[in-house]
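Worksheet for the structure shown next.
Small disclaimer: the values here were computed from a predicted structure and weren't measured.
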Amino acid sequence: MLNVGLIGCGNIAETYFRSQEYFNNINFISCTDINEEAAKKCADQYNIKIQSVDDLLSNPDIDVILNLTVPQAHHEVTKKILLAGKHSYCEKPLSISFEQGKELVEIAKEKNIYLGNAPDTFLGAGGQLSRQLLDVGEIGDVQLGNFIFAFPGVETFHHNPDSWYKKGGGPIIDMGPYFFTMLVHLLGPAKNVQSRGIKVKENRIIDAGPRKDEKVIVEVPTSYTFNVEFRSGALIQGFISFDVINHQRNHMELYGTKGSMIVPDPNMFGGPVTISKEIGSEWVDHSVDAMHLGKVNIINHSGRTNEAPQQSNYRGAGLADLIYAIENNTEHRCNGNLALHVLDLIESTINAAELGQEITLQTTCNKPAPFTEDQISHIMK
Ligand SMILES: NC(=O)c1ccc[n+]([C@@H]2O[C@H](COP(=O)([O-])OP(=O)(O)OC[C@H]3O[C@@H](n4cnc5c(N)ncnc54)[C@H](O)[C@@H]3O)[C@@H](O)[C@H]2O)c1
């Protein structure tokens with residue numbers, strides 16, 4: 001069994017530790033953080049070793065390192081992991097700059113090391129069933145669609161929301177990965193983007209934790225409206241915002257020549273996938289309840305805007321798929337080429353708004369291979 005070391009023991013670490021309950025090949029043995037207290041808490045709670053960053057990087061017992069640091073540190077930390085000769089899996093995004101992301105993909109390639117990156121939510125039953133239905137032509141050829149992520153901002157729940165409002169933060173870098181990765185998985189690579197951004201408030205007030213009522217100065221636009229043209233010809237309209245108190249739109253809708261599809265939340269793993277094929281006809285739910293990564297496993301009492309009270313959250317599936325790929329010498333789905341293309345789309349969306357002009361992407365990638373129930377069963381407990 002391969003062993004995993006963790007760098008970055010913050011908010012999301014708990015979710016990854018929980019993934020050991022679902023997946024049969026994730027085994028954390030050690031953790032580290034520049035905040036020693038955070039690392040100690042994590043090590044105590046999960047009964048694993050605490051190490052310095054350098055000691056963890058050179059630990060011969062560790063095969064794969066999971067990078068859960070803040071996006072601004074992803075490049076620096078992932079680069080260290082790769083140069084230490086370890087396989088790397090990082091939370092989204094790959095980096096906050098395309099050039100840095102490209103460097104990581106090149107290093108991994110040169111060293112013949114696996115580079116994996118979140119999001120892995122498209123591996124969930126909702127994303128996989130949407131893909132299956134599109135691939136069999138259930139709604140015909142998709143040439144149009146839209147999506148929305150909108151809520152009042154991370155300061156409503158996160159104790160240290162600062163990085164979300166500094167350069168390298170903002171809603172496209174934070175939430176774009178989920179929607180862009182899902183779209184590339186469903187429609188293939190993107191071609192170009194037009195975009196506009198707006199900063200609605202000059203500062204934010206932290207609403208939770210020990211720093212409650214502290215002010216955070218906003219340095220970046222907090223809402224974007226944009227459209228992406230895909231290589232398939234599909235034109236998809238996007239809206240991503242940290243400035244909306246409430247809304248009632250569907251997360252993502254795709255319009256095909258034979259019908260329309262409501263794609264479930266790209267930030268989660270569940271369903272259903274809903275389809276309508278006649279003018280004015282009923283919407284039909286395609287359930288994912290019987291699929292491996294579709295079963296509800298979270299009952300959420302937070303009442304966070306934009307979050308369903310019952311969720312399927314199998315974050316860690318991408319890491320488990322990467323470990324399986326290392327062991328079986330195959331390609332993992334949340335791979336560097338996909339993450340780099342998504343980063344290209346993220347950066348292009350931000351730059352298109354800043355420059356007021358359409359931007360053509362520099363990269364392309366393959367659609368990730370479907371994740372069949374049989375393949376998933378190999379990594380499930
Ligand atoms: N919080 C969420 O709900 C959530 C959900 C999905 C994905 N993510 C992603 O997970 C990542 C982490 O998010 P989070 O909410 O856990 O952040 P966080 O701020 O709670 O935790 C990040 C941790 O990384 C540590 N760190 C920062 N730079 C470091 C470095 N150079 N070396 C070692 N440790 C370092 C910090 O001290 C901190 O403990 C981000 O990329 C985020 O986009 C977060």
Could you tell me if the side chain of [Y] sits less than 4.5 Å from the side chain of [X], heavy atoms only?
X: V342; Y: L345; value: no
X: E21; Y: K381; value: no
X: N27; Y: I29; value: yes
X: R315; Y: F269; value: yes
X: I139; Y: S260; value: no
X: Y165; Y: T222; value: yes
X: E202; Y: V218; value: no
X: Y22; Y: I379; value: no

[Y]/[X] salt bridge by N-O under 4.0 Å criterion:
X: K86; Y: D63; result: no
X: R211; Y: D162; result: yes
X: K41; Y: E37; result: no
X: K167; Y: E219; result: no

Would you find a donor on one side and an acceptor on the other, under 3.5 Å apart, between the side chain of [X] and the backbone of [Y]?
X: H158; Y: I206; answer: no
X: H286; Y: P272; answer: no
X: H251; Y: F179; answer: no
X: H341; Y: T363; answer: yes
X: T257; Y: D141; answer: yes
X: E347; Y: F98; answer: yes
X: D344; Y: L361; answer: no
X: D33; Y: A38; answer: no

Could you tell me whether the side chains of [X] and [Y] share a donor-acceptor contact shorter than 3.5 Å?
X: Y16; Y: E91; answer: yes
X: Q51; Y: N59; answer: yes
X: S312; Y: N297; answer: no
X: N146; Y: Y255; answer: yes
X: E103; Y: H75; answer: yes

In a table with atom names and distances, give each donor-acceptor pair under 3.5 Å that connects a side chain of residues 104-114 to protein atoms at least two apart or in another chain.
unit_1: Y114; atom_1: OH; unit_2: A325; atom_2: O; d: 3.2
unit_1: Y114; atom_1: OH; unit_2: T330; atom_2: O; d: 2.7

Transitively linked via ILVMFWY side-chain contacts under 4.5 Å: [X] with [Y]?
X: I298; Y: M380; answer: no
X: V228; Y: I172; answer: yes
X: L115; Y: L83; answer: yes
X: M252; Y: I262; answer: no
X: V154; Y: I12; answer: yes

Residues 120-133 side chain polar contacts: donor-acceptor under 3.5 Å, at least two apart:
unit_1: D120; atom_1: OD2; unit_2: G316; atom_2: N; d: 2.9
unit_1: D120; atom_1: OD2; unit_2: A317; atom_2: N; d: 3.1
unit_1: D120; atom_1: OD2; unit_2: G318; atom_2: N; d: 2.9
unit_1: T121; atom_1: OG1; unit_2: P266; atom_2: O; d: 2.7
unit_1: Q128; atom_1: OE1; unit_2: F371; atom_2: N; d: 2.8
unit_1: Q128; atom_1: NE2; unit_2: F122; atom_2: O; d: 2.9
unit_1: S130; atom_1: OG; unit_2: G126; atom_2: O; d: 2.7
unit_1: R131; atom_1: NE; unit_2: D135; atom_2: OD2; d: 3.0
unit_1: R131; atom_1: NH1; unit_2: H185; atom_2: O; d: 3.1
unit_1: R131; atom_1: NH1; unit_2: H185; atom_2: ND1; d: 3.1
unit_1: R131; atom_1: NH1; unit_2: P368; atom_2: O; d: 2.9
unit_1: R131; atom_1: NH2; unit_2: P368; atom_2: O; d: 3.4

| task | Please check if the distance between the ring centroids of F147 and F226 is under 6.0 Å. | result | yes

